[in-house]
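Atoms considered below: every heavy atom in the structure, side chains included; atoms not considered: hydrogens, waters and symmetry mates. Heads up: numbering here begins at 1 and tracks the sequence. Nothing here was measured: the structure is a model prediction, and the numbers come from that model.
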Amino acid sequence: MTLTDLHGHALTGATADSLDAYEHAQRELRCYIGDPVASVDRALAASPGMTMAHLLKAWLHLLGTEPGGLDVARACCEAAAALPATERERAHLHAASLLSAGRWRDAGHALEDLSLRFPRDVLALQAGHQIDFFTGDSRMLRDRIARALPAWQRGMPGHHAVLGMHAFGLEETGDYVQAERQGRLAVEQEPRDGWAWHAVTHVLEMRNQPREGIAWLAPHETTWSDESFLAVHNRWHLALFHLELDEVDEVLALYDRGIGGPGSSVLLDLVDASAMLWRLHLRGAALGERWQALADRWAAAGVPGQYAFNDLHAMVAFVAADRPREQAAVIEAQRAAMALAESDNAGFTREVGHPAALAVQAFGQGDFARCCELLRPIRSRAHRFGGSHAQRDLIDLSLMEAALRGGDPVLAEALAAERVALRPHSAPAQRFMARSRPLARAV
């Protein structure tokens, strides 16, 4: 008899033991905790012919953007292709195969069609949601999940994850009231759901409510960080709140304790480490040897050119650490990536990633006019290479500081006014205005 998952989907080749391990991996992934790869490996050890276990393992290796993940994912897809499969499982195989070939948007579309037919397939929703994030498609971050909501009710396994994903999509499309409500409901249902904690955190960041953000995250750090994939990223957000309050010592303590200091080699953690140190660097903070340690980890992490958003953050570390050879390697890898017509990353790199990397390099060389020239055309389309509004703020902050340091002080004043209008109670925004105004008036 064919076994089914908790939502009634048939699982080809599953046994009782493999089903238990598979469901455990699914629960871990829904909360972004534990070791779902180890759990799905137990499922495959119990039943090598379990088609969806191979496909879950493929997704786990595809969605981390790690250089070594592609080969594992492709092998998993090959194994699944040789096994019997249901319509739903074949749809997963098709989507995962597209992503393993670098076709991010086609994979997202394939998962969109899958979710229309099977709205309670949490893995399809979650994989699609992450693809929407990596491609910067804020509307689909929201709408992919909204379409499935009528099929869900409180108490269903994974309902919290659906609410948390919807919350993040709402936040990225500017509906902060509903986003916060959905995110808090998700955390209420499942306190270990790191993505739901993350969604509410983004709301508080976008509203420029740093004290409320600290109150949301700091007292519950153990709950959202223990064995969590998102521990570093949510600590990065906590540090952002402290940075907005000019509490630089606390930011550095958080960095050393839980962002860059522990030495993670996971690319998404390295992105957060670069992003935080660069914000401090723009403020002129003394960072000691932190840049050198981070640049070493980026250099060891793998070949650039696979995902433009990661490349920019690698370049940030190499520029700040004064590593010209590594900077050249990023630029060369980006040029090679742009030549791959079948890969969506060619577009991510061409439209945003490459000019952004060159701009950071120009900033490091003191060519602030060139930095401004490169960043101004891309700041309004930066969503096309992925990330969140909060993460892409690095581009605006770099442009502001480059303009102030000599690129264009009149532009610097205009950007300061823009930021004060967006964040009227922000002390850093007001201070930037105070710095830029006299220089602009002297021109």
Side-chain angles (χ1 to χ4, degrees), residues 236 239 243 248 251-252 255 259-261 263-265 267-338 348-379 382 385-387 391-408 412:
W236 177 81
L243 190 60
V248 172
V251 174
L252 288 172
Y255 180 90
I259 300 172
S264 170
S265 60
L267 288 188
L268 298 181
D269 293 345
L270 294 179
V271 164
D272 286 332
S274 286
M276 184 50 62
L277 288 188
W278 188 252
R279 283 164 169 78
L280 290 164
H281 178 70
L282 293 176
R283 291 186 177 211
L287 299 173
E289 293 300 308
R290 293 179 180 89
W291 276 124
Q292 297 300 331
L294 181 57
D296 286 343
R297 296 209 305 282
W298 270 113
V303 180
Q306 295 195 17
Y307 181 50
F309 192 82
N310 293 351
D311 292 344
L312 171 61
H313 290 82
M315 178 62 88
V316 160
F318 295 145
V319 165
D322 193 20
R323 302 280 188 92
R325 184 174 64 181
E326 286 87 347
Q327 293 171 38
V330 171
I331 297 302
E332 184 58 34
Q334 288 188 321
R335 288 174 179 151
M338 289 186 287
F348 304 159
T349 304
R350 185 180 306 109
E351 293 184 46
V352 183
H354 187 56
L358 290 173
V360 167
Q361 189 177 49
F363 190 103
Q365 294 166 349
D367 190 347
F368 301 117
R370 176 63 174 157
C371 180
C372 291
E373 179 186 347
L374 287 161
L375 289 182
R376 287 185 71 183
I378 67 171
R379 64 191 295 253
F385 87 144
Q391 289 176 306
R392 293 188 299 267
D393 196 35
L394 180 143
I395 290 175
D396 281 333
L397 293 169
S398 300
L399 175 59
M400 290 167 63
E401 192 63 31
L404 182 65
R405 293 190 187 190
D408 187 340

For residues 276-284, dump all side-chain donor-acceptor pairs below 3.5 Å to protein atoms at least two apart in sequence or in another chain.
residue	atom	partner	partner atom	Å
W278	NE1	S398	OG	2.8
R279	NH1	A275	O	3.1
R279	NH2	A390	O	3.0
R283	NH1	L243	O	3.3
R283	NH1	D246	OD1	2.9
R283	NH2	L243	O	3.2

Could you list the residues that satisfy side chain to side chain donor-acceptor pair (under 3.5 Å) with R350, not counting sequence neighbours?
-> none
Any residue meeting salt bridge (Lys or Arg N to Asp or Glu O under 4.0 Å) with D296, in chain and number order, not counting sequence neighbours = R323
In chain order, what residues pass the salt bridge (Lys or Arg N to Asp or Glu O under 4.0 Å) check against D393, with sequence neighbours excluded?
-> R419
Of all heavy-atom pairs between W291 and S274, which one has the smallest distance, and what is that distance?
-> CH2-O, 3.8 Å
Start with the C-alpha distance between T349 and R335, add both sets of side-chain angles, then the distance that settles side chain to side chain contact (heavy atoms under 4.5 Å, CB included), and finish with yes or no.
-> CA-CA 9 Å; T349 304; R335 288 174 179 151; over 6 Å; no
By side chain to side chain donor-acceptor pair (under 3.5 Å), W236 pairs with (sequence neighbours left out) none
Pairs under 3.5 angstrom only: tabulate donor-acceptor contacts from the side chains of residues 301-309 to other protein residues two or more places apart or in another chain.
residue	atom	partner	partner atom	Å
Y307	OH	F134	O	2.8
Y307	OH	F385	O	3.4

Mark yes or no for whether R392, through its side chain, and G386, through its backbone, hold a donor-acceptor pair below 3.5 Å.
-> yes
Using side chain to side chain donor-acceptor pair (under 3.5 Å) as the criterion, list what pairs up with H313, not counting sequence neighbours.
-> none
Distance-minimising heavy-atom pair for A382 and I395 | CB-CD1, 3.7 Å
Is the backbone of L270 close enough, under 3.5 Å, to the side chain of R297 for a donor and an acceptor to pair up by distance?
-> no
Tabulate below the donor-acceptor pairs under 3.5 Å that side-chain atoms of residues 359-373 make, not counting sequence neighbours, or state none.
residue	atom	partner	partner atom	Å
Q361	NE2	Q327	OE1	3.1
D367	OD1	R370	N	3.2
R370	NH1	E373	OE2	3.3

With D311, which residues qualify under side chain to side chain donor-acceptor pair (under 3.5 Å), at least two apart?
-> none
Rounding to 0.5 Å, atoms CZ (R290) and OH (Y255) come to a distance of 7.5 Å
If you measure from CG on D396 to CZ on R379, what distance do you get to the nearest 0.5 Å?
-> 4.5 Å
Please list all pairs passing the salt bridge (charged side-chain N to carboxylate O under 4.0 Å, His left out) test where one or both residues lie in residues 355-366, with sequence neighbours left out.
-> none
Shortest non-hydrogen separation from V271 to W298 and the atoms involved = N-CZ2, 3.7 Å
Closest approach of A356 to L375 (non-hydrogen atoms, all atoms of both residues) | CA-CD2, 4.2 Å
Can you name the nearest heavy-atom pair linking A357 to M315, along with the distance?
-> O-CG, 3.6 Å
Inter-residue atom distance L358.CG - I331.CD1, 0.5 Å rounding | 4.0 Å
Quick one: salt bridge (charged side-chain N to carboxylate O under 4.0 Å, His left out) pairs with a partner in residues 301-310, sequence neighbours left out?
-> none
